[in-house]
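Worksheet for the structure shown next.
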2 protein chains.
Amino acid sequence: MSNSTSGQAFAKHDHRHCIKAALKQASRICGERNGRLTAQRKRVLELVWKNHKPVGAYAILEQLRAEGFNGAPPTVYRALDFLLEHGLIHRIESLNAYTGCAHPGEQHTGQFLICSQCQRVAELDDPKVKTAICNSAALLGFEADHQVIEIRGLCPQCQDH
Amino acid sequence: MSNSTSGQAFAKHDHRHCIKAALKQASRICGERNGRLTAQRKRVLELVWKNHKPVGAYAILEQLRAEGFNGAPPTVYRALDFLLEHGLIHRIESLNAYTGCAHPGEQHTGQFLICSQCQRVAELDDPKVKTAICNSAALLGFEADHQVIEIRGLCPQCQDH
DNA sequence: AATCGTTATGTTATAGTATAACAACTTCAG
DNA sequence: CTGAAGTTGTTATACTATAACATAACGATT
């Protein structure tokens with residue numbers, strides 16, 4: 001099963017639990033795969049999970065520097081690449097930013113609801129959406145591989161401004 | 001009705017017809033809305049429609065310069081912004097690139113099939129996909145506004161390499 | 001035709017995002 | 001201990017996009 005963050009980003013929740021669960025999952029998954037979750041990678045993962053707003057690579061870099069780290073962009077991008085490869089985070093293409101994966105370890109395509117106002121992102125994994133797309137693609141003989149689905153709109157809290 | 005390019009980017013077709021149709025539609029739409037399809041904007045639209053592969057802003061700039069134009073990035077981005085605003089082109093977020101709109105003037109959300117091998121893009125507009133997403137979003141109380149749907153995979157021609 | 005507000009374009013500089021290339025260090029199996 | 005693989009450091013640079021301000025073209029009104 002997925003952890004408690006699945007699709008619940010917009011609801012009230014104890015976010016410390018999200019972070020803790022994400023780190024635990026990450027540790028487990030890296031263990032299974034011989035991926036080395038080094039201190040830096042772990043720290044980057046924590047920063048990505050700081051809240052449900054996607055965070056840019058340079059924002060992460062700033063945070064690290066504020067903590068005394070004396071590094072350059074490649075360090076951050078390498079950590080992000082590692083986390084992406086192991087399915088621990090997602091890249092939000094339309095924001096050039098990164099967000100924690102709510103279903104690490106599970107096979108899934110990222111489907112994101114992005115609030116235009118508060119910037120928070122919730123992750124879906126609706127098989128109906130995937131099916132509809134694959135069917136539609138198949139009609140043109142197209143073999144779908146990876147889906148980028150990013151829906152902009154207003155989250156429940158931001159609708160009554 | 002949509003023009004002949006709808007979803008047919010992967011099939012054999014006379015592409016000169018696509019370009020011609022796109023320009024005609026653009027001219028009509030701009031006329032209706034008091035949008036000024038200036039020479040530069042028209043030229044940029046032509047370059048975007050040169051084939052079914054999305055093209056980056058700087059690639060367009062290079063082309064223009066090759067034609068003797070002596071301009072800078074803002075000129076290209078302004079033309080692209082104009083074309084986007086009037087629904088004549090789409091931006092492909094996952095490629096930082098732009099592609100001709102197959103249904104200009106019609107209300108629709110862009111859904112794109114992108115071939116990982118030949119880079120060509122076909123545009124879909126499957127109401128089932130839209131509906132599935134909106135339903136799924138509604139379950140979380142999310143009010144969907146704009147959809148970014150970009151599917152990577154292999155087009156029919158590239159499947160038998 | 002002259003004027004004026006609006007829209008479009010030119011120009012320079014800079015912000016923001018990402019990677020290439022090579023050096024140095026760490027880790028760990030053998 | 002050693003060597004191979006993996007990780008991080010470092011510098012430079014490529015690619016994508018916009019800010020800010022100057023100039024020019026257009027088009028309705030006088």
Side-chain angles (χ1 to χ4, degrees), chain A residues 26-27 29-48 53-65 67-86 88-99 119 148 150, chain B residues 26-27 29-48 53-65 67-86 88-99 119 148 150:
Chain A
S27 174
I29 288 166
C30 289
E32 287 169 3
R33 303 207 201 173
N34 280 338
R36 277 151 68 180
L37 190 61
T38 61
Q40 289 214 48
R41 288 166 175 174
K42 192 173 162 189
R43 187 71 195 115
V44 170
L45 182 59
E46 281 169 355
L47 290 173
V48 169
K53 302 178 190 178
V55 57
Y58 281 74
I60 293 172
L61 184 56
E62 265 183 41
Q63 299 257 1
L64 289 176
R65 281 179 171 156
E67 295 171 3
F69 170 83
N70 200 344
T75 301
V76 173
Y77 281 101
R78 283 168 185 152
L80 291 171
D81 284 345
F82 173 89
L83 298 170
L84 284 168
E85 264 171 33
H86 289 79
L88 302 172
I89 63 173
H90 290 288
R91 175 176 160 82
I92 307 293
E93 297 291 344
S94 58
L95 294 175
N96 294 329
Y98 305 84
T99 193
Q119 267 64 260
V148 173
E150 299 172 9
Chain B
S27 175
I29 288 166
C30 288
E32 287 170 5
R33 304 204 199 177
N34 279 339
R36 277 154 63 182
L37 190 60
T38 62
Q40 289 215 47
R41 288 166 174 174
K42 192 172 161 189
R43 188 69 195 118
V44 170
L45 182 59
E46 281 170 355
L47 290 173
V48 169
K53 301 178 190 178
V55 57
Y58 280 76
I60 293 172
L61 184 57
E62 264 183 42
Q63 300 256 0
L64 290 176
R65 282 180 170 154
E67 296 171 4
F69 170 82
N70 201 346
T75 301
V76 173
Y77 281 102
R78 283 168 185 153
L80 291 171
D81 285 344
F82 173 88
L83 298 170
L84 283 168
E85 264 171 33
H86 289 79
L88 303 173
I89 62 173
H90 291 288
R91 175 177 159 82
I92 307 293
E93 297 291 344
S94 59
L95 295 175
N96 295 329
Y98 305 83
T99 194
Q119 266 66 260
V148 173
E150 299 172 9

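Each chain gets a letter, A, B and so on, in the order the sequences are listed, and its residues count up from 1.
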Note to self: Please report the distance, rounded to the nearest Å, between CG in B:L37 and C1' in C:dT7.
What the structure shows: 15 Å
Check: Quick check: does any side chain N or O of A:R41 sit under 3.5 Å from a backbone N or O of A:R36, one acting as donor and the other as acceptor?
Finding: yes
Next item on the list: Taking all non-hydrogen atoms of both residues into account, name the closest pair between B:P73 and B:Y58 and its distance.
Entry: CG-OH, 3.4 Å
Notebook entry, point to check: What closest approach, in Å, do B:V48 and B:T99 show between heavy atoms, and which atom pair accounts for it?
Noted result: CG1-C, 3.5 Å
Next item on the list: Provide the closest heavy-atom pair for A:L61 versus A:G71 in the form atom of the first, atom of the second, distance.
Entry: CD1-O, 3.9 Å
Note to self: Can you measure B:L80 atom CG to D:dT18 atom P for me and round it to whole angstrom units?
What the structure shows: 10 Å
Item checked: Value in whole Å for how far the P atom of D:dG9 lies from CZ of A:R65 -> 12 Å
Margin query: Rounded to whole Å, please give me the gap between NZ in A:K42 and P in D:dT8.
Written below: 14 Å
Check: Atom CG of B:N34 and atom P of C:dA8: how far apart are they, to the nearest Å?
Finding: 10 Å
Check: Between D:dC15 atom C1' and B:I60 atom CD1, what is the distance in whole Å?
Finding: 15 Å
Check: What is the distance, rounded to the nearest whole Å, between atom CZ of B:F82 and atom C1' of C:dT9?
Finding: 14 Å
Next item on the list: Please examine the side chains of A:V44 and A:T75, heavy atoms only from C-beta on, and report whether any two atoms are closer than 4.5 Å.
Entry: no
Check: Do the charged groups of B:E62 and B:R65 touch, with an N to O distance under 4.0 Å?
Finding: no
Note to self: Side-chain N or O of B:R36 versus OP1/OP2 of D:dC26: is the shortest distance under 4.0 Å?
What the structure shows: no
Look for any protein N or O under 3.5 Å of an N or O in nucleotides 10-17 of chain C and output each such pair with its distance, or none.
residue	atom	partner	partner atom	Å
C:dG10	OP1	B:Q40	NE2	3.4
C:dG10	OP2	B:Q40	NE2	3.0
C:dG10	OP2	B:T75	OG1	3.4
C:dG10	N7	B:R78	NH1	2.8
C:dG10	O6	B:R78	NH2	2.4

Next item on the list: Quickly work out the A:E93 CD to D:dT16 P distance and round it to whole Å.
Entry: 13 Å
